[in-house]
Amino acid sequence: MTFSVSFNGVDLSELVNGFTSIERNFGSTWTNNLGVEGTTRYGQEFINNYSGAKTITVTFIKNGIPKDWIRIRQRFARILDVTEPAPLIFDDEPDKVWYAVPDQLPVFSEDIVTLRATGTITFIVPSGYAVSTYTRKLNADNSGGENGAIIVNDDQSIDITINNQGTLPAFPTFKFTHQSDNASITIGGENGVLVLGSQEQTLIDTKTTETKKVESQWLLNPSKISQKDNFNGHFMTANDVPNPQNGQLLTAGNLVWKQDGLRFQDGGPMPPKGTEYLCMGAMQQWTIPADKVGDVGTANFTSTFNIWAQATKMGQTGILQVLFVDGERKLMCGMGIYKDDKVGNTFKTQFYIGGHHNRTWKVFGPKGQELNNGGHGDGRVPNPNLYFNSTTGYFTIQKKGPVFNFTFGNRGGNYPITIPELAYTKCMKVYVYEGQLWDRDNESQKITNLSLRMFNFQKNDVTKTIDSTVDATRYIPADNHHFGKGEKVVVNMDSGKVYRKEGATIAVDEVINGSEPFSVPVGKSIVRCIFGAGALPPDIEITWKERYL
């Protein structure tokens with residue numbers, strides 16, 4: 001049986017006639033730092049020690065004639081030419097991967113008498129440890145198994161027993177799915193504490209100089225996608241005003257709830273003869289309601305929405321926009337899905353920005369992102385749209401002062417832009433526009449599934465005035481609605497990153513000062529999670545990769 005060694009995805013055993021030795025040793029090189037001689041009567045004081053990079057050496061043989069060895073030298077040179085640590089996996093430990101780079105001179109000694117060549121490759125693993133090729137997962141479905149247990153206590157806190165079966169501490173990722181509104185999340189383990197969200201405060205100055213306390217509040221917060229309740233309440237037609245992003249998009253038609261969300265029904269009456277417009281469509285609006293202290297509008301907000309975009313025939317066309325406007329209905333920011341390809345399946349995803357230079361800021365596509373098949377990957381489309389489909393179609397727009405941040409859900413990145421003139425401008429309404437190219441009124445030419453299925457809006461600058469003459473005993477309560485029902489919060493202890501909303505919007509600023517990410521020790525340990533007063537315990541899923549010296 002041939003022993004296998006894989007590097008950077010290539011099985012090296014297929015290139016050689018066998019491996020004769022492998023040196024992996026016990027762990028890595030240890031370095032001990034000792035104090036100066038003579039400061040203690042016997043020996044030297046121990047200060048600390050650390051484990052350095054790990055060296056792994058493999059030796060192999062290759063039979064043949066010198067002409068055969070030309071190709072093997074070229075193949076190995078190409079395989080070993082990496083610019084960063086690559087996966088190194090051995091046959092006897094297939095569940096462990098060492099991220100390594102070649103070190104020193106790879107040796108290939110050719111014996112032209114015996115017609116056998118011997119090769120030696122030295123790898124260095126900068127981290128000094130291996131990582132499991134699998135990911136451990138602990139949730140309600142497998143609680144009580146080998147990975148650990150999740151127990152809800154009488155006080156609504158949650159004790160999580162994590163069984164780390166590696167030989168080094170692990171850095172888990174926690175995913176919380178809220179079952180109710182919640183002020184904060186406290187995660188405490190043997191190696192540290194991390195706190196997120198809003199906590200109660202007691203002012204500590206003799207007389208406070210702080211006059212305002214800033215909180216967040218959900219103003220529009222449906223809990224699930226594809227629910228008709230998402231579009232009740234403050235939602236109303238707005239077909240009597242022009243589209244704030246582009247006046248060539250007519251708004252005289254109708255949008256209605258169909259199947260799963262808000263969909264385009266018709267574009268209204270045809271414009272007069274001799275006139276041409278880009279699209280015929282319809283527009284509806286949310287008027288942002290007053291917050292709990294009666295203020296209307298916000299200069300700092302986070303909005304997450306879910307879109308399903310799927311064409312089922314070649315050449316279908318249409319547009320969907322979500323637009324945020326000020327009190328004069330001027331565009332602040334927004335995004336749109338626009339498909340004007342009358343033959344194929346390509347489409348554009350557009351980011352809009354207002355201010356002094358109203359413009360389409362970024363356009364993704366038409367190449368590389370396809371609308372057909374909704375990103376579900378049935379193999380018929382080479383590059384299905386992975387951003388907007390029935391499962392992962394989340395998008396987030398966040399405004400914090402002059403900074404606007406656009407985020408694709410699940411698979412996209414963050415795209416921030418600073419617009420100084422809009423720093424203090426308040427968002428007062430949100431428009432939803434859907435339409436069709438003005439010269440295409442055939443029902444079959446419309447995109448089959450172009451639907452806004454969920455929308456929520458959080459105001460992040462609700463202010464409460466504090467009397468600056470009172471003593472330090474003044475109490476400021478936590479914001480019990482900081483995290484909303486149905487919201488996902490993800491904490492990656494390894495990278496230190498925090499995500500919220502649908503679990504994909506970066507939100508490191510949620511971390512309370514003085515707390516920081518931590519690891520869990522080897523073996524079984526308990527992590528306790530505590531939530532805001534009155535909150536129901538969220539669903540929790542913990543994942544981690546084990547590490548080995």
Side-chain angles (χ1 to χ4, degrees), residues 211-221 233-238 240-249 251 283-305 320-336 349-363 395-408 414-433 452 455-465 479 481-482 484 500-501 505-507 509-510:
T211 59
K212 289 185 178 180
K213 161 68 176 173
V214 177
E215 301 175 334
S216 58
Q217 180 184 350
W218 291 96
L219 300 180
L220 299 165
N221 182 31
H234 299 282
F235 200 47
M236 57 190 299
T237 60
D240 58 339
V241 296
N243 184 297
Q245 187 271 327
N246 189 338
Q248 290 293 302
L249 306 178
T251 61
M283 194 161 65
Q284 295 196 3
Q285 74 179 22
W286 273 285
T287 297
I288 305 301
D291 62 27
K292 60 187 178 183
V293 297
D295 292 336
V296 178
T298 173
N300 299 279
F301 64 84
T302 304
S303 179
T304 300
F305 39 94
L320 187 153
Q321 296 178 322
V322 180
L323 308 171
F324 299 78
V325 302
D326 64 13
E328 297 180 354
R329 297 194 178 100
K330 292 182 179 179
L331 178 70
M332 296 175 64
C333 62
M335 63 78 57
T349 301
Q350 302 173 326
F351 295 170
Y352 313 120
I353 279 294
H356 295 334
H357 306 286
N358 194 327
R359 64 197 184 279
T360 299
W361 173 50
K362 283 188 179 295
V363 178
F395 193 87
T396 299
I397 293 180
Q398 185 176 53
K399 179 181 184 294
K400 192 171 184 179
V403 179
F404 294 77
N405 193 37
F406 299 77
T407 307
F408 283 116
N414 293 292
Y415 301 90
I417 182 174
T418 300
I419 310 295
E421 63 270 24
L422 295 180
Y424 303 104
T425 301
K426 289 186 175 183
C427 177
M428 304 297 286
K429 297 179 183 292
V430 181
Y431 288 136
V432 180
Y433 179 84
L452 178 67
F455 180 89
N456 65 37
F457 187 96
Q458 183 182 46
K459 181 174 182 178
N460 296 327
D461 56 3
V462 180
T463 58
K464 180 180 179 181
T465 302
D479 176 11
H481 305 284
H482 185 77
R500 61 172 301 191
K501 304 306 174 187
T505 301
I506 290 179
D509 58 349
E510 292 293 332

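On a predicted model such as this, the values are computed, not experimentally measured, just so you know.
With a 4.5 Å cut-off on side-chain heavy atoms, M283 and V241 count as touching. Using a 4.5 Å cut-off on side-chain heavy atoms (C-beta onward), V363 and T349 make no contact. Side chains of V430 and V325 form no contact here, defined as non-hydrogen atoms less than 4.5 Å apart. T360 places none of its side-chain heavy atoms less than 4.5 Å from the side chain of F351. In this structure, T407 and F395 have side chains that are not in contact, with every pair of non-hydrogen atoms separated by 4.5 Å or more.
Side-chain N/O atoms of Q217 and Q458 include no donor and acceptor closer than 3.5 Å. Side-chain contact check for D326 and T425: no donor-acceptor pair (N or O, by modelled atom type) lies under 3.5 Å. No donor-acceptor contact under 3.5 angstrom links the side chains of Q284 and Y433, judged on distance only. For the residue pair H482 / E510, a side-chain donor-acceptor distance below 3.5 Å is found, with atom types taken as modelled. Checking K426 against T298 by side-chain atom types alone, no donor-acceptor pair falls below 3.5 Å. T396 and T505 share a donor-acceptor pair across their side chains, judged by distance under 3.5 Å alone. Counting only N and O atoms by type, the side chains of N243 and T251 include no donor and acceptor under 3.5 Å apart. Residues T302 and N460 bring a donor and an acceptor atom of their side chains to less than 3.5 Å of each other. Remark: the Q398 side chain and the K501 side chain contain no N/O donor-acceptor pair separated by less than 3.5 Å.
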Between K400 and D509, does a salt bridge (charged side-chain N to carboxylate O under 4.0 Å, His left out) hold up when you go through it step by step? CA-CA 11 Å; K400 192 171 184 179; D509 58 349; 2.9 Å; yes
Using side chain to side chain contact (heavy atoms under 4.5 Å, CB included), reason through W286 and F455 one step at a time and then give a plain yes or no. CA-CA 10 Å; W286 273 285; F455 180 89; 3.3 Å; yes
For a side chain to side chain contact (heavy atoms under 4.5 Å, CB included) check, start with the C-alpha distance between F305 and I397, then their side-chain angles and the critical distance, and finish with the verdict. CA-CA 9 Å; F305 39 94; I397 293 180; 4.3 Å; yes
Show your working on side chain to side chain contact (heavy atoms under 4.5 Å, CB included) between V462 and V293 and close with a plain yes or no. CA-CA 8 Å; V462 180; V293 297; 4.3 Å; yes
Side chain to side chain contact (heavy atoms under 4.5 Å, CB included) between Q350 and M335, intermediate numbers included: CA-CA 5 Å; Q350 302 173 326; M335 63 78 57; over 6 Å; no
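For the pair K459 (side chain) and G297 (backbone), a donor-acceptor distance under 3.5 Å is present. Judged by distance alone, with hydrogens and angles left aside, the side-chain atoms of K399 form a donor-acceptor pair with the main-chain N or O of A299 at under 3.5 Å. Between the D479 side chain and the S216 main chain, a donor and an acceptor come within less than 3.5 Å of each other.
Taking every heavy atom of both residues into account, V296 and A290 meet most closely at CG2-CB, 3.8 Å. Scanning all heavy atoms of the two residues, the minimum distance from G401 to N300 falls at N-OD1, 2.6 Å.
To the nearest 0.5 angstrom, N405 atom CG is 10.5 Å from C333 atom SG. Summarising the geometry, atom OG1 belonging to T304 is positioned 5.0 Å from atom CG belonging to N456; distances are rounded to the nearest 0.5 Å. Rounded to the nearest 0.5 Å, atoms CE (M428) and CD (Q285) are 11.5 Å apart.
Between W361 and the options F404, F406, Y415, a ring pair (Phe, Tyr, Trp, His ring centres under 6.0 Å) holds for only F406.
For K330, the salt bridge (Lys or Arg N to Asp or Glu O under 4.0 Å) partners are E328, not counting sequence neighbours.
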Could you pull out all donor-acceptor pairs under 3.5 Å where a side-chain atom in residues 416-424 meets a protein atom, sequence neighbours excluded?
| unit_1 | atom_1 | unit_2 | atom_2 | d |
| --- | --- | --- | --- | --- |
| E421 | OE2 | H356 | N | 2.8 |

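Aromatic rings from F324 and Y431 are positioned such that their centres are separated by 6.0 Å or more.
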